[in-house]
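Note that the structure is a prediction, hence the values are computed from the model and not measured. The sequence lines fix the lettering, A, B, ..., with proteins before strands; numbering per chain opens at 1.
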Amino acid sequence: MITSCQIYRKLEAMELLQSSPPRWWPGAGTFEVVVGAVLTQNTTWKNVEKSLLNLEGHLTLENFLSLDEERLKNHIRPSGFYNQKAPRLISLAKQIAHDFHTFEHFQTDVSREWLLSQKGVGPETADSILCYGCFRNEMVVDSYTKRVLRQYGVVLSDYHEYKAFLENGITAHCREDINLIFSRFHGMIVEYSKKMKLKA
DNA sequence: GGCCAGGTGTAAA
DNA sequence: TTTACACATGGC
């Protein structure tokens, strides 16, 4: 079976991230990633961008906490499921402030288990926040990932298996900045899937 | 007009 | 433990 490292090299040769930030996710390393990761659940990034634009000026932990639920619902309406996402985002932000006090402390101290215990945060959202928001060595698995891997003949059963397949093939061969590689790897997977219009 | 999108939580079988 | 369903807007 092909390794994830070999897939990485193939994607890299396609120059898919030429017009992207170094870590692909816009605003990597900021609280904006937390908001974007929740908003993009079962939603196109185009619609998330509209919401993030509406939230201009509120995309730090402190400023986000000044929003009331109704105003937040209104801002994030374009990315759908706003009756669920608004209260979950407010709860998440409050818990971050309560348990870590600042976003910087959250970045260094949060665990995957802590994130998974929050309502509205499943494995993909947790890994997105850890990888792109906290620069941790955690690979994100999403629906695009499964489509691309299927192209290369890799079909696995659950989230953890895909994550392990991707991470193990890289860490076994790579001595560089793992977070940067993981960040770009997932970004290339998404861009490749979009470019090729791969279907579920 | 129908189908799908960078998931998650809950309830029933 | 597995499967089904709700959640909602916007682009094609």
Mind checking [X] for me? I need base, sugar-phosphate or nothing, with any heavy atom below 4.0 Å counting as a touch.
X	result
A:Q84	base
A:K50	sugar-phosphate
A:V121	sugar-phosphate
A:K46	nothing
A:S79	nothing

Specify the residue among A:R88 and A:A200 whose closest nucleotide of DNA chain B lies further upstream toward the 5′ end.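 The residue closer to the strand's 5' end, by nearest nucleotide, is A:A200.
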
Using atom [atom1] of [X] as one end and atom [atom2] of [N] as the other, report the distance to the nearest whole Å.
X	N	atom1	atom2	answer
A:Q41	B:dG9	CD	P	8 Å
A:L116	B:dG7	CG	C1'	13 Å
A:K85	B:dG9	NZ	C1'	14 Å
A:D158	B:dT8	CG	P	14 Å
A:Y159	B:dG9	OH	P	13 Å
A:D127	B:dT8	CG	C1'	14 Å
A:L115	B:dG7	CG	C1'	15 Å
A:L89	B:dG7	CG	P	16 Å

Can you check side-chain hydrogen bond (donor to acceptor under 3.5 Å, both in side chains) on A:D142 and A:T145, steps first, answer last? CA-CA 5 Å; A:D142 60 11; A:T145 308; 2.7 Å; yes

Would the distance check show the side chain of A:S128 and the main-chain N or O of A:E124 forming a donor-acceptor pair, the cut-off being under 3.5 Å? yes

Would you confirm whether A:N179, through its side chain, and A:R136, through its main-chain N or O, come within 3.5 Å as a donor-acceptor pair? yes

Show your reasoning for whether ring pair (Phe, Tyr, Trp, His ring centres under 6.0 Å) applies to A:F182 and A:F185. CA-CA 5 Å; A:F182 282 180; A:F185 194 6; 7.8 Å; no

Taking only the side-chain heavy atoms of A:K119 (C-beta and beyond), determine which of B:dG7, B:dA5, B:dT10 contains the nearest atom.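 In terms of side-chain proximity for A:K119, the closest of B:dG7, B:dA5, B:dT10 is B:dT10.
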
With the side chain of A:P123 defined as its heavy atoms from C-beta on, choose the nearest nucleotide among B:dG9, B:dA5, B:dT8.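 Closest nucleotide to the A:P123 side chain: B:dT8.
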
A:Q95 and A:W114: side-chain hydrogen bond (donor to acceptor under 3.5 Å, both in side chains), yes or no, with the steps? CA-CA 10 Å; A:Q95 284 303 307; A:W114 186 93; 5.5 Å; no

Using a cut-off of strictly less than 4.0 Å between a heavy atom of the residue and any atom of DNA chain B, enumerate the qualifying residues of residues 188-197 of chain A by number. A:K194

Pairwise P distance, B:dG1 and C:dA8 [rounded to whole Å]: 23 Å

Can you check whether A:F103 and A:F106 have ring centres sitting under 6.0 Å from each other? yes

Measure up the A:H186 and A:Y132 rings against each other and bin them: parallel (under 30°), tilted (30 to 60°), perpendicular (over 60°).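 Correct class here is tilted.
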
What are the bounds, 5' to 3', of the part of DNA chain C that sits under 4.0 Å from heavy atoms of chain A? C:dC7 to C:dG11

Provide the closest heavy-atom pair for A:S4 versus A:G169 in the form atom of the first, atom of the second, distance. OG-CA, 3.1 Å

Side chains of A:E161 and A:S157 only: does a donor on one sit below 3.5 Å from an acceptor on the other? yes

Could you walk me through whether A:E12 and A:R184 pass the salt bridge (charged side-chain N to carboxylate O under 4.0 Å, His left out) check? CA-CA 9 Å; A:E12 195 176 34; A:R184 295 177 64 78; 5.8 Å; no

Can you check whether A:R147 has a side-chain N or O nearer than 4.0 Å to OP1 or OP2 of B:dC4?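 Negative; the distance criterion is not met.
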
